[in-house]
Amino acid sequence: MEPQEDRNRRLLRARDAIDVHYREQLDVPRLARIALMGRAHFIREFKAAFGETPHRYLQRRRVERAMYLLRWTDHSVTAICMEVGFSSLGTFTRTFTEIVGKSPRCYRASAERPDSFVPGSFTMRWTRPSGRGERTAQSREPDNCRST
């Protein structure tokens, strides 16, 4: 097997572990062991391959799941925070706001639920937070959820 192909397979194995176990307490050393790499080397290679660090990818997966739960359930923001793997409500709210551009409460208030059935794969594609389009602090909506 080519060295590059082997590297990619190991990185995909680590990324798949994040996708499956996003609710658990995952740390970089554990993911690096899955990829059979040292910690620093794993972070560099992961970022080169996927465009973001393993930690940020994990956060994005958790936020993506939280977006779904905020849209389709009436669970409290705190319950959703814990369900998706965050251990601190403050960290969850800050991370969610950085990635989505709205606080979880504002996102829930503005989320539209379609009247007709839309396959989950389409909804995920439409609502998936983008790693390249994260909003800055200046472009976020105010926390009171009103458009100005």
Side-chain angles (χ1 to χ4, degrees), residues 1-108 110-141:
M1 184 180 311
E2 295 282 328
Q4 187 70 22
E5 185 179 342
D6 180 53
R7 170 194 156 270
N8 291 343
R9 286 180 190 270
R10 291 184 286 135
L11 289 171
L12 284 169
R13 212 174 298 139
R15 191 181 73 174
D16 289 347
I18 293 172
D19 290 341
V20 171
H21 302 288
Y22 68 90
R23 290 180 177 152
E24 300 174 16
Q25 293 297 342
L26 293 174
D27 58 5
V28 173
R30 178 177 167 191
L31 295 168
R33 282 191 302 274
I34 291 169
L36 304 174
M37 296 179 184
R39 181 185 176 278
H41 182 65
F42 171 68
I43 293 170
R44 279 191 307 274
E45 292 293 320
F46 192 97
K47 185 169 184 176
F50 302 115
E52 59 191 347
T53 64
H55 182 260
R56 192 54 165 186
Y57 182 82
L58 172 61
Q59 287 181 321
R60 192 172 309 287
R61 279 286 166 235
R62 288 175 173 170
V63 166
E64 195 172 275
R65 180 63 181 156
M67 289 171 70
Y68 173 83
L69 293 171
L70 286 165
R71 180 180 292 252
W72 294 105
T73 70
D74 60 353
H75 300 159
S76 71
V77 172
T78 303
I80 290 171
C81 161
M82 299 302 164
E83 185 174 336
V84 300
F86 283 92
S87 56
S88 160
L89 182 59
T91 301
F92 169 68
T93 301
R94 180 180 44 77
T95 303
F96 190 98
T97 304
E98 285 174 4
I99 292 173
V100 177
K102 299 178 181 182
S103 69
R105 184 175 59 82
C106 290
Y107 176 80
R108 173 176 269 166
S110 68
E112 296 179 21
R113 295 181 184 178
D115 293 333
S116 61
F117 175 75
V118 176
S121 59
F122 290 113
T123 304
M124 283 181 60
R125 167 102 1 148
W126 291 329
T127 61
R128 173 167 279 160
S130 166
R132 291 157 191 39
E134 291 182 1
R135 296 194 172 174
T136 61
Q138 295 83 10
S139 67
R140 285 189 211 127
E141 288 185 14

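- Residues forming a side chain to side chain donor-acceptor pair (under 3.5 Å) with Q25 (at least two apart in sequence, or on another chain): none.
- Listed by chain and number, the residues in a side chain to side chain contact (heavy atoms under 4.5 Å, CB included) with D16 are D19 (sequence neighbours excluded).
- Proximity of L12 to F50: side-chain heavy atoms (C-beta onward) are separated by under 4.5 Å at one or more points.
- Within the 4.5 Å cutoff, no side-chain heavy atoms of I80 are placed close to those of P104.
- The residues E52 and K47 are annotated as not salt-bridged, no charged nitrogen and carboxylate oxygen being separated by less than 4.0 angstrom.
- Among all heavy-atom pairs drawn from A14 and A35, the shortest one is CB-CB, 4.2 Å.
- For the atom pair CD1 of I18 and CG of L26, the computed distance is 6.5 Å after rounding to the nearest 0.5 Å.
- Judged as a side chain to side chain donor-acceptor pair (under 3.5 Å), and not counting sequence neighbours, the contacts of R10 are D6.
- Partners of E2 by side chain to side chain contact (heavy atoms under 4.5 Å, CB included), not counting sequence neighbours, listed by chain and number: E5.
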_Go through it in stages, so that I can follow the logic: the residues are R108 and T73, the test is side-chain contact (heavy atoms from CB on, under 4.5 Å), and I'd like the CA-CA distance, side-chain angles, deciding distance and then a yes or no._
CA-CA 10 Å; R108 173 176 269 166; T73 70; 4.0 Å; yes
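- Residues forming a side chain to side chain donor-acceptor pair (under 3.5 Å) with T78 (at least two apart in sequence, or on another chain): none.
- Inter-residue side-chain proximity for L11 and M37 is flagged as met; some heavy-atom pair is nearer than 4.5 Å.
- To the nearest 0.5 Å, atoms OG (S110) and CG (L70) are separated by 10.0 Å.
- Between L31 and A17, the shortest heavy-atom contact is CD2-CB, 4.4 Å.
- When the ring-ring contact (aromatic ring centres under 6.0 Å, His included) test is applied to F96, the partners found at least two apart in sequence or on another chain are F92, Y107.
- Partners of R30 according to the side chain to side chain donor-acceptor pair (under 3.5 Å) rule, which considers only residues two or more places apart in sequence or in another chain, are E24.
- Annotation: side chain of L69 is in contact with side chain of E83 (closest heavy-atom distance under 4.5 Å).
- In terms of the ring-ring contact (aromatic ring centres under 6.0 Å, His included) criterion, Y22 has no residue partners (sequence neighbours excluded).
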_side-chain contact (heavy atoms from CB on, under 4.5 Å), that's the test. Do R61 and R65 meet it? Break it down for me._
CA-CA 6 Å; R61 279 286 166 235; R65 180 63 181 156; over 6 Å; no
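- For the residue pair T97 / K102, no side-chain donor-acceptor distance below 3.5 Å is found, with atom types taken as modelled.
- Note that CD1 of I43 and CZ of R56 are 14.5 Å apart. Values are rounded to the nearest 0.5 Å.
- Judged as a ring pair (Phe, Tyr, Trp, His ring centres under 6.0 Å), the pairs with a partner in residues 23-42 (not counting sequence neighbours) are, in order, F42-F46.
- Side-chain atoms of Q59 and R62 include no donor-acceptor pair closer than 3.5 Å.
- For P29, the side chain to side chain contact (heavy atoms under 4.5 Å, CB included) partners are D27, R33, R39, not counting sequence neighbours.
- Remark: R7 engages E45 in a salt bridge (charged side-chain N to carboxylate O under 4.0 Å, His left out) (not counting sequence neighbours).
- With rounding to the nearest 0.5 angstrom, the CG atom of N8 is 11.5 Å from the CZ atom of R13.
- Taking the side chain to side chain contact (heavy atoms under 4.5 Å, CB included) definition, one finds that T91 meets it with F86, S88, R94, T95, sequence neighbours left out.
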